[in-house]
Amino acid sequence: MAQLIDSPARNTRSHTRTEPPLPALLPAYTSPHAQRRRAVKVPADLLDADAWAFPDATLLASHLKRWKSKIYDHYNISLERQLRADGSPNHLVFIFTCQDHPETHQPQRRKRMATSTGTGNLGRSADACHKKHLRATQSGANHANHASSSTDPTPSLYTPAGHRALIAIRCARSHRPANMVADPEYLLEVEMLRPGTIVPSPSTVARDINAIYLAASEKDFDGVVHLQVDGWQSPLVMSFMGVILIWYEDGKIWRVTLEFCRLTSAHTGNYMGDLVHDLLVRYGLLEKFFAPCMDNTSVCDKTVKRMAERNPSFAGMAMRLRCWAHIINLIAKAFIAIFFETPPKPATIKAATGKRKRDATSAAPATFAQHPSRTRSATTLSSSTPAAPEPSPEDVSELEITTANEDKALFPASEEEFVDPGRVAHDIGIVTEAVSALTTQQPPCSRGRRTPLSPTDLEAQKLMAISVFPKVTGLARKVHDSSTVGDRFQLYVRQDREENPVSLPGHKTMLDRRVPTRWNSDLAALSSHVFFEQQVRRLTASDEALKQFALSEEQWKVARELAQVLQIFREPTDYLSQIGTPLVHEVLPLMESLIQRLKDVEAQRYAPLHEVTVLAARAALVVAEKYVSLARECDIYEISVVLCPDKRLSYFRTRGSTDIPRLRNKCISGFKRFNPTPATTATTMSKSHQAPSMPSLSSFGSTSVWALSHSYTSDYTLDEGEEQPDSIEAYLEEPATPKAAIAAAGGLLRWWESQRKRRPNLTRMALVYLTAPATSVDAERAFSEGRLSVNHLQHNMASDPFRAKMAIGSWIGTPLLSSAAEVAALLYL
């Protein structure tokens, strides 16, 4: 069967379980290692005439035991006995025959008494054989058609290096431990497919992974890069900073995990900034780095400022990108916070030294006044209620955060186990600030749809609304945690579906649970509650213990209303969370549409709403407008919109912007980085105005009237035959390009590629700005991948092999590591 070389039994699973017997059809096989142990030892300095009497097998076994170099694995070794003319013994000669390509690789010969001369000739011969057939493998390999890439080429010819490369790739990409090669079933499989194949040991696999990582890290990189940076507390009880590399090459945006840097000090902005700077220096990317995308905490701001201090060519906060998936989550949380009994403050913050303690839940006022019969106290929300000071995220990032026992119902510890403490504290402060900014004054009524409520009625509506989500999520938790309650609920669903299939379309049978860190889980829980309204009513009425979760008729109205209104956050959340990272030029139009939708809710544009829903929209608007204002402090967002040929400056003109001169100067300054001596030629263009388009139903298929999209149509058209010099000034004076022309070119990036010959500098600038990320969700996905690599079979993994595995698994199939053949070549460097 296949052999394990250099494989300590303590590192393999075969040490803890019995190996299954070989199938009867397989011949009994004795490994060379066993043969060597039983072989008679022949002294190395014994003359050939004296050693002549020993059998060939004995002589070979004796010498194989002394030869430690791995170059011998390339050959099948045999013994030749050379005689003199009179027939007497002359020399014993070892013959080294290539295992893989004996037909093209000439055998090597070495006299037995000359074995001390080394393995140089054998190594050079093996390298020449490997390179020759590596080229044949690359040209004749059958590439797997996976995601239209050459990630997994299937070599037509076996090589030991290719085999080891595939094992290393499998361990890295599939999150397998190195000792998977010791599985008895795997060894049987290899023996069945290619009898006699030597399988590398777990320690060899680990060394190969590290060697591939180090060799690939030294490759030169061409192009301008962006970074996504985020922090992660791993189950290894180690903190890491994940750094994602993003660049544009060969008509495609590439994203890889550049590094998982272990954090060994307090996570301050200066420390994180130094780490990122040193990482860029080590990879030779310092002069190629353009913009970082990070979370929205102040520690990230200080990280960017520290990077600017270390690298004078980096513009600092003017190039600081924010994670808009996180921002949309914050906006939605601010909306939903109105409907909870207490603000969503799941953490107790205490200093890691144990000398200082501070309860985050006591730092901010409650959302609304609670009923006097409730045990918890709350502060009535009013303009006179001062907002407690928000903990500094710079300090919070250095604090230890544990789940508060008093709020287990809303924030179960199991769901908060790996939540980033700094982000939680930051989110708490932002939501609290937005809610505290509201007043108890009567919301404006739109178009006379509803008579203003009295202060007493308004307060009663608030008290009614604040228990909607706790009841909804509490019942869902009961249904999932109790098999008795869950079985009874599913029974009601089956009965009603059999009686009237139209009433419950689809195959859904269970309520959705809430995940505290994701607002869309609140929407999913609420929507499923409304979907199973009749079954929920039956369930809460059938059990006295469940009546506390029963909604009143007015609360059911609020629930149905929220299930529709919350759809306005669903489209941007789904879009920003998709696999392909959204690009930065889409941020401002997306936020403009979202803000307009929130204003529609505030004005009750399409239907009368509860006043508490209007207040929730106001809280969300506070957060949305705050971050849009912060976005305009970064040059990239506005410049990237201008570099969209269907928008240009006309996008801002049609919105009544008075900052056109400032924006023009921003674009010219940005262009100087790509062309220090811009052209002075400019061309005067003509315009033809079109009215902005009317709102239309969302392309994502939402049926909610509140999710109407507020789209934009260009107000300029392009004159055919117009000269287009390589100048940002000329580009800004040109009319906008029709969207149909961009679509015909294959999209925005391909349109700019078509302009490369005519405008090389402007094209280079556009492709850098337009490929910048709008979120750091790729870092979050990398953390999820890391969690798969740190499982029960690999819980003792050190930080260095973990870093190497995560990098190789991300690099394979990209220009950094294009194929398994390239990985195999690295093993010979």
Side-chain angles (χ1 to χ4, degrees), residues 226 228 230 244 246 248 252-253 255 293-296 321-336 515 517-524 527 563-601 620-621 623-625 627-628 630-631 634 636-638 640-641 643-644 646-647 651 693 695-713 739 742-743 746-749 769-782 784:
H226 310 286
Q228 293 179 357
D230 204 351
I244 308 299
I246 300 175
Y248 181 82
K252 182 178 179 180
I253 302 176
R255 306 169 184 87
C293 182
M294 309 175 73
D295 274 343
N296 305 288
L321 298 172
R322 299 178 180 273
C323 178
W324 288 90
H326 182 208
I327 291 172
I328 296 295
N329 193 49
L330 281 176
I331 298 170
K333 281 182 177 180
F335 189 106
I336 295 172
V515 179
T517 56
R518 296 196 296 270
W519 83 267
N520 49 353
S521 67
D522 292 309
L523 174 60
S527 298
Q564 289 291 312
V565 173
L566 286 175
Q567 295 292 332
I568 64 178
F569 301 108
R570 184 173 183 176
E571 177 183 328
T573 298
D574 291 345
Y575 182 70
L576 292 171
S577 301
Q578 60 189 348
I579 295 298
T581 304
L583 306 180
V584 72
H585 68 273
E586 299 171 274
V587 167
L588 293 182
L590 183 146
M591 290 302 299
E592 179 186 18
S593 177
L594 177 60
I595 288 175
Q596 186 57 53
R597 293 175 182 180
L598 288 170
K599 289 181 178 179
D600 290 344
V601 174
L621 277 169
V623 180
E625 291 172 347
Y627 281 103
V628 168
L630 289 175
C634 174
I636 297 177
Y637 292 105
E638 292 179 323
S640 63
V641 173
L643 290 174
C644 293
D646 61 323
K647 295 183 175 67
Y651 177 88
S693 63
S696 58
L697 284 177
S698 168
S699 59
F700 285 79
S702 174
T703 58
S704 172
V705 68
W706 301 104
L708 291 176
S709 58
H710 295 265
S711 58
Y712 166 76
T713 301
K739 291 184 178 180
I742 299 174
L748 179 60
L749 300 183
Y769 274 90
L770 296 175
T771 55
T775 72
S776 59
V777 294
D778 290 298
E780 300 291 345
R781 292 192 182 96
S784 299

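The residues of the chain are indexed from 1 along the displayed sequence. The basis for the numbers below is simple: all heavy atoms, side chains too, and nothing from hydrogens, waters or symmetry mates. In this text the structure is predicted, and so the values were computed from the model without any measurement.
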Check whether any side-chain heavy atom of [X] lies under 4.5 Å from a side-chain heavy atom of [Y], and answer yes or no.
X      : Y      : value
Leu523 : Phe569 : no
Lys647 : Pro589 : yes
Ser776 : Ile244 : no
Thr771 : Leu749 : yes
Leu594 : Glu571 : no
Leu590 : Ile328 : yes

Check your understanding: With sequence neighbours left out, what residues match Ala325 under side chain to side chain contact (heavy atoms under 4.5 Å, CB included)?
Key ->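 Per chain and number, Ala325 pairs via side chain to side chain contact (heavy atoms under 4.5 Å, CB included) with Cys323, Leu576, Thr775, Val777.
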Check your understanding: Does Ser640 have any side chain to side chain contact (heavy atoms under 4.5 Å, CB included) partners at least two apart in sequence or in another chain, and if so, which?
Key ->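 Partners of Ser640 under the side chain to side chain contact (heavy atoms under 4.5 Å, CB included) test: Val584, His585, Leu770.
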Atom [atom1] in [X], atom [atom2] in [Y]: separation rounded to 0.5 Å?
X      : Y      : atom1 : atom2 : answer
His226 : Tyr248 : NE2   : OH    : 12.0 Å
Asp522 : Ser527 : CG    : OG    : 10.5 Å
Leu748 : Glu586 : CG    : CD    : 8.5 Å
Leu630 : Arg322 : CG    : CZ    : 4.5 Å

Point to revise | Set of side chain to side chain donor-acceptor pair (under 3.5 Å) partners for Thr573, sequence neighbours left out | key: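 In terms of side chain to side chain donor-acceptor pair (under 3.5 Å), with neighbours along the sequence ignored, Thr573 is linked to Trp519.
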Point to revise | side chain to side chain donor-acceptor pair (under 3.5 Å) involving Tyr637 - partner list, sequence neighbours excluded | key: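 Side chain to side chain donor-acceptor pair (under 3.5 Å) list for Tyr637, sorted by chain: Trp324.
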Exercise for review: Might you work through the side chain to side chain contact (heavy atoms under 4.5 Å, CB included) test for Leu583 and Ile253, ending with a clear yes or no?
Suggested key: CA-CA 10 Å; Leu583 306 180; Ile253 302 176; 3.7 Å; yes
Check your understanding: What's the verdict on salt bridge (Lys or Arg N to Asp or Glu O under 4.0 Å) for Asp778 and Arg781, showing C-alpha distance, side-chain angles and the deciding distance?
Key -> CA-CA 5 Å; Asp778 290 298; Arg781 292 192 182 96; 3.6 Å; yes
Exercise for review: Quickly, which of Glu625, His326, Met591 forms a side chain to side chain contact (heavy atoms under 4.5 Å, CB included) with Ile331? Name it, please.
Suggested key: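 For Ile331, the side chain to side chain contact (heavy atoms under 4.5 Å, CB included) check succeeds only for Met591.
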Check your understanding: Which pair of non-hydrogen atoms, one from Gln228 and one from Pro773, has the smallest distance, and what is that distance?
Key ->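 Closest pair (atom of Gln228, atom of Pro773, distance): NE2-CB, 3.5 Å.
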Practice item. Please report the shortest heavy-atom distance between Arg597 and Ile568, naming the atom on each side. Key: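 Heavy atoms of Arg597 and Ile568 come nearest at NH1-O, 3.5 Å.
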Review point. Taking it one step at a time, do Arg570 and Asn520 satisfy side chain to side chain contact (heavy atoms under 4.5 Å, CB included)?
Key: CA-CA 7 Å; Arg570 184 173 183 176; Asn520 49 353; over 6 Å; no
